[in-house]
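Some notes on the structure that comes next.
Keep in mind that this is a model prediction, so the values were computed, not measured. One is the number of the first residue; the rest follow in order along the sequence.
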Amino acid sequence: MGAGHAHKLYRHAHSPVHTLPPHCKIAAVLAFVLTVVATPREAVWAFGLYALLVAAAAVAARIPAGFLLRRLLIEIPFVAFALLMPFVVPGEKTHVLGLSLSEPGLWGAWNVLAKGTLGVAASVLLASTTELRSLLLGLQRLRMPPLLVQIASFMIRYGDVVTDEMRRMRIARESRGVTARGVRHWGVLARSAGALFIRSYERGERVHLAMVSRGYAGTMPVLDDAAASRTQWAYAAALPLAALAVLLAAWVVTGGLPWAAGS
């Protein structure tokens with residue numbers, strides 16, 4: 001996979017969560033998210049318990065609340081969609097603060113907001129405690145198709161290269177008096193995008209030739225493939241197992257499976 005690659009979501013710290021093998025954390029987060037999704041939306045209290053579990057994981061990982069909350073802003077488009085549901089979803093009406101809202105729409109909005117927010121929070125915790133290189137190694141360890149892992153690796157590594165190329169092209173335009181703002185400069189931006197595509201394609205060909213000359217045959221060497229111990233798996237499983245207990249209790253309280261309850 002090459003050298004490590006830092007990203008803005010990652011927060012360096014010395015915590016038990018940071019030291020867990022990446023494939024343990026990926027599996028734990030995936031199991032937690034699936035558990036949250038399977039929870040009946042009527043079990044409002046269960047989502048509160050899930051939030052406490054995420055908060056406890058953040059404390060164990062030494063991730064400040066402000067850091068986590070700022071990264072949750074990424075779900076704003078989904079929040080906007082959820083807020084529209086009580087107005088557009090047909091069904092029985094109810095009055096809230098003088099507004100006539102759809103009752104199925106309110107439940108749908110709550111379902112999207114609660115499960116979406118918990119899923120994003122768990123994902124942010126994963127990204128905050130795991131470097132990108134480690135995430136890729138974890139996916140490879142979990143037997144994700146090698147080709148997909150390689151594609152993701154190249155996207156991550158050369159995303160910054162392309163972004164830096166865009167910055168240099170912008171500086172070159174501005175040094176010639178072109179700010180490229182507004183509809184009048186769409187032609188300039190289109191030509192810049194075309195030039196960027198050609199440069200990126202040529203760079204990709206050179207990188208591929210360099211890899212082939214060094215013995216690349218379709219698979220990348222694994223430089224760090226340490227297996228996780230039973231203790232590490234047990235520590236990582238604490239979050240999804242606690243969530244599973246909440247889910248079972250929610251099924252008992254609501255009197256049925258989540259899909260039978262309409263979630």
Side-chain angles (χ1 to χ4, degrees), residues 1-15 17-30 61 67 71 74 120 123-181 185-229 232 236:
M1 294 295 179
H5 188 97
H7 59 96
K8 294 182 179 179
L9 285 177
Y10 180 73
R11 182 181 177 86
H12 180 73
H14 299 283
S15 73
V17 180
H18 282 77
T19 58
L20 283 176
H23 51 286
C24 295
K25 289 185 280 188
I26 294 172
V29 169
L30 178 61
F67 181 90
R71 270 61 184 177
I74 194 175
V120 172
S123 301
V124 170
L125 277 179
L126 174 63
S128 301
T129 58
T130 315
E131 294 182 346
L132 283 176
R133 173 180 175 273
S134 298
L135 282 174
L136 295 172
L137 290 172
L139 292 174
Q140 192 170 29
R141 181 75 181 179
L142 292 174
R143 299 295 186 269
M144 185 175 180
L147 185 59
L148 294 181
V149 177
Q150 292 180 48
I151 292 174
S153 175
F154 291 137
M155 287 177 59
I156 291 169
R157 295 184 182 284
Y158 295 103
D160 288 342
V161 175
V162 175
T163 302
D164 190 58
E165 186 73 27
M166 291 176 59
R167 182 185 62 83
R168 290 196 297 268
M169 295 174 67
R170 176 182 58 80
I171 293 175
R173 289 197 309 267
E174 293 179 353
S175 66
R176 292 166 175 80
V178 180
T179 56
R181 295 177 181 175
H185 298 102
W186 280 6
V188 176
L189 293 175
R191 288 190 291 273
S192 299
L196 178 64
F197 173 78
I198 293 174
R199 293 182 184 182
S200 301
Y201 185 83
E202 292 176 344
R203 186 188 297 272
E205 283 190 327
R206 293 195 299 270
V207 170
H208 179 259
L209 290 175
M211 292 171 60
V212 171
S213 67
R214 289 164 174 80
Y216 175 73
T219 59
M220 297 291 288
V222 178
L223 304 178
D224 184 10
D225 193 28
S229 65
Q232 290 172 322

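- Taking CG of L209 as the reference point, atom CE of M211 lies at 10.5 Å (rounded to 0.5 Å).
- In this view, L196 and V162, E165, M166, M169, S200 satisfy the side-chain contact (heavy atoms from CB on, under 4.5 Å) rule, not counting sequence neighbours.
- The environment of F67 atom CZ is dense: over 12 non-hydrogen atoms of other residues, nucleotides or ligands sit within 6.0 angstrom.
- The distance from the CG atom of L136 to the OG1 atom of T130 is 11.0 Å, given to the nearest 0.5 Å.
- Among all heavy-atom pairs drawn from A13 and A61, the shortest one is CB-O, 4.3 Å.
- Residues that satisfy the side-chain contact (heavy atoms from CB on, under 4.5 Å) test with V29, not counting sequence neighbours, are V33, A122, L126.
- Atom CG of L139 sits about 9.5 Å away from atom CG of L148, to the nearest 0.5 Å.
- Using a 4.5 Å cut-off on side-chain heavy atoms (C-beta onward), D164 and R168 make contact.
- Nearest heavy atoms, K25 versus T129: NZ-O, 2.9 Å.
- For the pair H18 (side chain) and R11 (backbone), a donor-acceptor distance under 3.5 Å is present.
- Here the shortest heavy-atom pairing between I74 and V120 reads CG2-CG1, 3.9 Å.
- Listed here is the closest heavy atom pair of A236 and A28: O-CB, 3.2 Å.
- Listed by chain and number, the residues in a side-chain contact (heavy atoms from CB on, under 4.5 Å) with R206 are E202, R203 (sequence neighbours excluded).
- Across all their heavy atoms, L142 and A27 have their closest contact at CD1-N, 4.4 Å.
- Distance check: I26 CD1 to S134 OG gives 9.0 Å after rounding to the nearest 0.5 Å.
- Interatomic distance, CZ of R170 versus OG of S175, reported as 11.0 Å (0.5 Å rounding).
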Full working for side-chain contact (heavy atoms from CB on, under 4.5 Å) between R141 and L137: CA-CA 6 Å; R141 181 75 181 179; L137 290 172; over 6 Å; no

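- For the pair T163/R167, no side-chain contact is recorded, criterion being any heavy-atom separation below 4.5 Å from C-beta on.
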